[in-house]
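Count residues from 1 along the sequence.
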Amino acid sequence: VQLQASGGGLVQAGGSLRLSCAASKNTVMLNAWYRQAPEKQRELVTHITSSGTINYADSVKGRFTIYRNNAKNTVDLQMNSLKPEDTAVYYCNNRYFPITWGQGTQVTVSS
């Protein structure tokens, strides 16, 4: 199963981007977004719990929104009011049973 994230790019601070992610097979439910900045560990940005609750990292609360399309098994990440510190490679996966990571999508926010 391959994870394919898309939608990244270069944006100025204060701008917006919407990321999308899909799996090549419906054997994994996508419910989380992570990111990894240069020389830092991968961190959990947001995820949807089994009960449907959505959790966000403090650093993105009020700016990022996760959307999941159950029919298509895709997960999107709407990112608003972007900051330079949001610069990272963004990945999707299943929060509780992660599979092999995809290549992610690069988000670069210029100041």
No-hydrogen, no-angle side-chain donor-acceptor test under 3.5 Å, N93 and R95: no
Cluster overlap Y96 with V75, hydrophobic side-chain contacts below 4.5 Å: no
Check: T87 side chain, V109 main-chain N or O, donor-acceptor pair, under 3.5 Å: yes
Check against side chain to side chain contact (heavy atoms under 4.5 Å, CB included), L82 and L17: CA-CA 8 Å; L82 284 162; L17 283 174; 4.1 Å; yes
Close side-chain approach of R35 to V60, heavy-atom, < 4.5 Å: yes
Crowding at CD, Q103 (>12 non-hydrogen neighbours, <6.0 Å): no
Hydrophobic cluster identity match, V89 and Y34, side-chain contacts under 4.5 Å: yes
Linked hydrophobic residues, M29 as query - side chain contacts closer than 4.5 Å: none
Any donor-acceptor pair under 3.5 Å from Y56 side chain to I66 backbone: yes
Any side-chain heavy-atom pair of V11 and T108 under 4.5 Å: no
Full working for salt bridge (Lys or Arg N to Asp or Glu O under 4.0 Å) between K83 and D86: CA-CA 5 Å; K83 304 176 181 181; D86 295 319; over 6 Å; no
L44-F64 co-clustered via ILVMFWY side chain contacts under 4.5 Å: no
N69/T74 under side chain to side chain donor-acceptor pair (under 3.5 Å): CA gap, chis, key distance, verdict: CA-CA 5 Å; N69 186 316; T74 58; 4.6 Å; no
L30 backbone acceptor or donor facing R68 side chain under 3.5 Å: yes
Test side-chain contact (heavy atoms from CB on, under 4.5 Å) applied to S6 - qualifying residues, sequence neighbours left out: S20
SG on C92 to CG on L19, rounded to 0.5 Å: 9.5 Å
pair T100-V1: side-chain heavy atoms closer than 4.5 Å: no
Approximate separation, where rounding is to 0.5 Å, of Q12 CD and L10 CG: 8.0 Å
V107 reachable from Y67 in the ILVMFWY side-chain graph, under 4.5 Å edges: no
Stacked cation flag R42 on Y91, 6.0 angstrom / 45 deg: yes
A13 to S111 - nearest heavy-atom pair and separation: CB-CA, 4.3 Å
Interatomic spacing from SG in C21 to CD in Q4 - rounded to 0.5 Å: 7.5 Å
4.5 Å side-chain heavy-atom contact, N55 and T49: yes
W33 reachable from W101 in the ILVMFWY side-chain graph, under 4.5 Å edges: no
Residues L3, I99; criterion side chain to side chain contact (heavy atoms under 4.5 Å, CB included); working and verdict: CA-CA 9 Å; L3 301 177; I99 66 169; 3.8 Å; yes
Donor-acceptor pair between N80 and Q78 side chains, under 3.5 angstrom: yes
